[in-house]
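Throughout, residue positions are numbered sequentially from 1 according to the sequence presented.
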Amino acid sequence: GVLFERLAPQGPRKVCAPIRLLNLDRSYLGTLGLRDLFAALASSRAPQLVSLSVRCTASKGGLFANKRKHDEMAKALADVVLRCQDLERLYLTGGEGSHFKSDLLPALAALASNATIRVLDVSNNNAGDDAVQALAGSLSTNETLEKLSLDGNAASAAAIKALAEGLERNTSVHACDLPRRDCALAA
């Protein structure tokens with residue numbers, strides 16, 4: 001809502017000045033705040049965002065206590081990936097006991113159709129196999145991603161193998177932080 005109206009003003013003549021970098025690390029927005037932020041950024045009147053950084057942090061009562069709310073947030077995040085035409089760098093890191101977890105899955109799947117994101121960091125989210133495999137699938141068609149960081153996502157050996165196969169088919173990624181912790185856990 002109201003908090004993010006300046007990012008995507010309503011009405012025919014309201015225009016927002018471009019925002020090139022939005023860093024919301026440790027912002028304690030909670031699920032609804034993140035949903036509203038992502039929805040505003042994905043709207044047609046959103047600013048020309050080049051870099052978005054959101055570090056997932058816990059809010060009182062747990063970040064993802066309501067499934068419907070976090071499903072809405074996950075969909076809004078996927079819309080950011082699909083609709084933000086100028087977005088080049090996306091940092092969605094977890095930590096300090098909070099993670100995006102499997103809510104990254106729609107955004108990672110949407111990466112297959114994204115033609116602008118060059119840098120993606122989804123490390124420390126405990127996203128699990130489904131999210132890592134969705135990313136692996138996206139890598140086979142994505143032609144713009146150049147740098148990828150994804151360690152700390154509780155990926156199994158099978159998911160890491162799928163990721164390696166996706167990277168093998170990808171021609172644009174030239175830097176990928178190896179998922180060392182995930183590999184150690186999968187061994």
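- Under the 4.5 Å side-chain heavy-atom criterion for ILVMFWY residues, a single connected hydrophobic cluster contains both Leu135 and Val173.
- Remark: Glu88 engages Arg118 in a side-chain hydrogen bond (donor to acceptor under 3.5 Å, both in side chains) (not counting sequence neighbours).
- Here the side chains of Thr93 and Val122 are not in contact, with every heavy-atom distance at 4.5 Å or above.
- A chain of hydrophobic side-chain contacts below 4.5 Å, direct or via other Ile, Leu, Val, Met, Phe, Trp or Tyr residues, connects Leu148 to Leu77.
- In this structure, the side chains of Tyr91 and Val119 come closer than 4.5 Å at one or more pairs of heavy atoms.
- Residue pairs meeting the salt bridge (Lys or Arg N to Asp or Glu O under 4.0 Å) criterion with at least one partner in residues 121-145, sequence neighbours excluded, do not occur; the list is empty.
- How far CD of Gln133 is from OG of Ser156: 6.5 Å, rounded to the nearest 0.5 Å.
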| message | Please evaluate residues Leu52 and Asn23 with respect to the criterion side-chain contact (heavy atoms from CB on, under 4.5 Å), reporting the C-alpha separation (whole Å), side-chain torsions for both, the decisive distance (0.1 Å), and the verdict. | response | CA-CA 6 Å; Leu52 173 62; Asn23 184 340; over 6 Å; no

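- Under the 4.5 Å side-chain criterion, counting only non-hydrogen atoms from C-beta, Leu34 is not in contact with Leu24.
- A distance of 9.0 Å separates CG in Asn170 from OG1 in Thr144, rounded to the nearest 0.5 Å.
- Linking ILVMFWY residues whenever their side-chain heavy atoms come closer than 4.5 Å, directly or via other members, places Leu87 and Leu22 in the same cluster.
- Shown here for Ala76 and Ala42, the closest heavy-atom pair between the two residues is O-CB, 4.5 Å.
- Side-chain N or O atoms of Asp36 include none that pairs as donor or acceptor with a backbone N or O of Gly33 at under 3.5 Å.
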| request: Could you walk me through whether Val132 and Ile160 pass side-chain contact (heavy atoms from CB on, under 4.5 Å), step by step? | output: CA-CA 8 Å; Val132 173; Ile160 293 170; 5.7 Å; no

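- Leu150 and Cys176 make their closest contact through CD2-SG, 4.0 Å (heavy atoms, listed as atom of the first residue, atom of the second, distance).
- Residues Met73 and Asp103 meet the side-chain proximity criterion, which asks for heavy atoms closer than 4.5 Å.
- Judged by distance alone, the side chain of Asn142 and the main-chain N or O of Asn114 form a donor-acceptor pair under 3.5 Å.
- Note on Asp71 versus Lys75: no salt bridge recorded, every NZ/NE/NH1/NH2 to OD/OE distance being 4.0 Å or above.
- With hydrogens and angles ignored, the 3.5 Å screen pairs a side-chain donor or acceptor of Asn125 with a backbone N or O of Leu92.
- Closest approach of Ala134 to Ala109, counting heavy atoms only: CB-N, 4.3 Å.
- The shortest side-chain heavy-atom distance between Ile117 and Val81 falls under the 4.5 Å cut-off.
- Asp86 is not listed as a side-chain neighbour of Thr116, based on a closest heavy-atom distance of 4.5 Å or more.
- A heavy-atom distance below 4.5 Å is not found between the side chains of Cys84 and Asp79.
- With contacts defined as side-chain heavy-atom distances shorter than 4.5 Å, the pair Lys147/Leu120 does not qualify.
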